[in-house]
Amino acid sequence: MAAWWWPTMRSISWVPLAGVSAFLGVLALWLNSWHEDLVGMAAGAVAAAVVAGLHDPAAALLSAMPTSAAVRRARRLALIVPVAFAVWIATADGPVLGLLVLAAVGVAVSVRAGVPLGAAVPVVWVIFAWAADINWELR
Amino acid sequence: MTTATQELARIEARLALRHPAPWIGLALAGLMAWDIWDEAWSGERYTGLVAASTPVLLGISVASVSAFGRELVPVADAAPMDRGRRGLARLVGGLPLVLVVAVMVASVAVALRVSGGLPLGDEPGRTLRAQHTFPELLQIVLLAGLAVAVGAAAVHVIRQRLAASIMLAFAWFLAGGTYWLFNGPVLRWFALVQVQPTYVDVGPPETDPSTFPSSWLLTGPGEYQDYWARLVVSPAMAAWHDVYLVGLIALAVAVAVPGRTRRPQLAAGAVLVAVGVVLQRVVAP
């Protein structure tokens, strides 16, 4: 196992993904079928939780280390994304590509504008799609 | 309140009003209200206008998380004001956002009265002049207060601003965006966003609707129910639902703000929640 695996695992904030997973788990037990709007919001929340997992309070301290921020971010994503997709498939079982796009856009925004704004983008998008009565996947 | 508490409340109020989330929520609520105006199904405007407030509530909760998230900074422990007074000031600082929602609700209510009202029901039991009752309108203002209190409680319990905001976004969307999930006979007493009218089964699909009293608002068998339903707007049920919301606000404030009043608040909140639920059951149509 790579040396970075366990320290990265410990440094990731799993609370957002755990919270969203708990919500989705309860809904999956309760609902027979998921309405399209609910699938959209679930995708937004999971994507936001993925982006939130990139939050690194020690980023300034670690900036002097030989491992670049991009590599640390990629390692975090390598650990978070499979868990998020497993939760997604086990609960909402919605379109994987749609979730991937939301998460990718959120990550891209977070690189430039910070993790809070990056996490806000998927959520705001799905709420906008709901309010405007358009498909959140733009199909 | 002491001068220091008032001063902090003033600062927090300014910060809350400058937070972008409630204003983005207000714009999305406007978009939602505009979108439902086509009335794709009978009563969509009447029920949809209440649900359209969801993005504003979410925005207020995010602003509240931002304000109460400042308590997570360790230096705050050494501040001259204790945590209880800071919490009180932050709660008071959230009130201008509640006021914004009250103004929004009052504006829409006045506009509807001037324009004549909303359509509700199917022929022969249909009106074009339906107006939301006062307890229904008050519900949205109380929900704004609950949004402030729940934001404070969530960040206090979860201890992470981002995680609290994401979970609140999901929770508010569930409560308002998919309100029909909580619109069943029992769940509607516990729902956060309670949407009226209530559907009361008055006859099988083959019933001649002209045999029903002419004063009834009706909706015919269709996609959502396989019977003739009477549409009943119950101001009494909405009023007791408001009491239930006040109880929830008290519970959330008790969780978020420490102090001597925490236990009485928890007790009062629990009593109000219980009374609200039971009396909704009693007056339900």
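Quick note on labels: first sequence line is chain A, next is B, and so on, each numbered from 1.
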Next item on the list: Please state whether the side chain, the backbone, both or neither of Ser165(B) comes within less than 4.5 Å of a heavy atom of chain A.
Entry: neither
Next item on the list: Examine whether an atom of Trp180(B) lies under 4.5 Å from a heavy atom of chain A, and if so say whether it belongs to the side chain, the backbone or both; otherwise answer neither.
Entry: side chain
Check: Got more than 12 heavy atoms from elsewhere within 6.0 Å of CH2, Trp37(B)?
Finding: yes
Next item on the list: Count the heavy atoms of every other residue, nucleotide or ligand shown that sit under 6.0 Å from CE of Met65(A), and state whether that count exceeds 12.
Entry: no
What is the minimum heavy-atom distance between [X] and [Y], and which atoms define it?
{"X": "Trp130(A)", "Y": "Ala51(B)", "answer": "CH2-O, 3.8 Å"}
{"X": "Phe170(B)", "Y": "Leu38(A)", "answer": "CE1-CD1, 4.3 Å"}
{"X": "Ser13(A)", "Y": "Gln160(B)", "answer": "OG-OE1, 2.8 Å"}

Note to self: Quick check on Leu17(A) against chain B: is it the side chain, the backbone, both or neither that has a heavy atom closer than 4.5 Å?
What the structure shows: neither
Item checked: Contact origin within Ala42(A) toward chain B - heavy atom pairs under 4.5 Å -> both
Next item on the list: List the steps, then state whether side-chain contact (heavy atoms from CB on, under 4.5 Å) holds for Met167(B) with Val15(A).
Entry: CA-CA 10 Å; Met167(B) 281 185 246; Val15(A) 176; 4.3 Å; yes
Notebook entry, point to check: chain A: which of Leu58(B), Leu162(B), Val62(B), Ile24(B) shares the most heavy-atom pairs with it under 4.5 Å?
Noted result: Leu162(B)
Check: Picking from Val124(A), Leu31(A), Asp37(A), which has the most non-hydrogen pairs under 4.5 angstrom with chain B?
Finding: Asp37(A)
Notebook entry, point to check: If you count heavy-atom pairs under 4.5 Å with chain B, which of Ala132(A), Ala45(A), Ala131(A), Pro16(A) comes out on top?
Noted result: Ala131(A)
Check: Taking atom CD1 of Ile166(B) and atom CZ of Phe23(A), what is their separation to the nearest 0.5 Å?
Finding: 11.5 Å
Item checked: CD1-CG distance between Ile36(B) and Asp133(A), expressed to the nearest 0.5 angstrom -> 10.5 Å
Next item on the list: Walk me through it: do Val123(A) and Phe173(B) pass the test side-chain contact (heavy atoms from CB on, under 4.5 Å)?
Entry: CA-CA 10 Å; Val123(A) 175; Phe173(B) 186 86; over 6 Å; no
Next item on the list: Test ring-ring contact (aromatic ring centres under 6.0 Å, His included) on Phe182(B) and Trp30(A) and set out the steps.
Entry: CA-CA 12 Å; Phe182(B) 305 94; Trp30(A) 179 28; 5.5 Å; yes
Next item on the list: Kindly indicate, with the supporting measurements, whether the criterion side-chain contact (heavy atoms from CB on, under 4.5 Å) is fulfilled by Thr54(B) and Ile127(A).
Entry: CA-CA 10 Å; Thr54(B) 307; Ile127(A) 294 172; over 6 Å; no
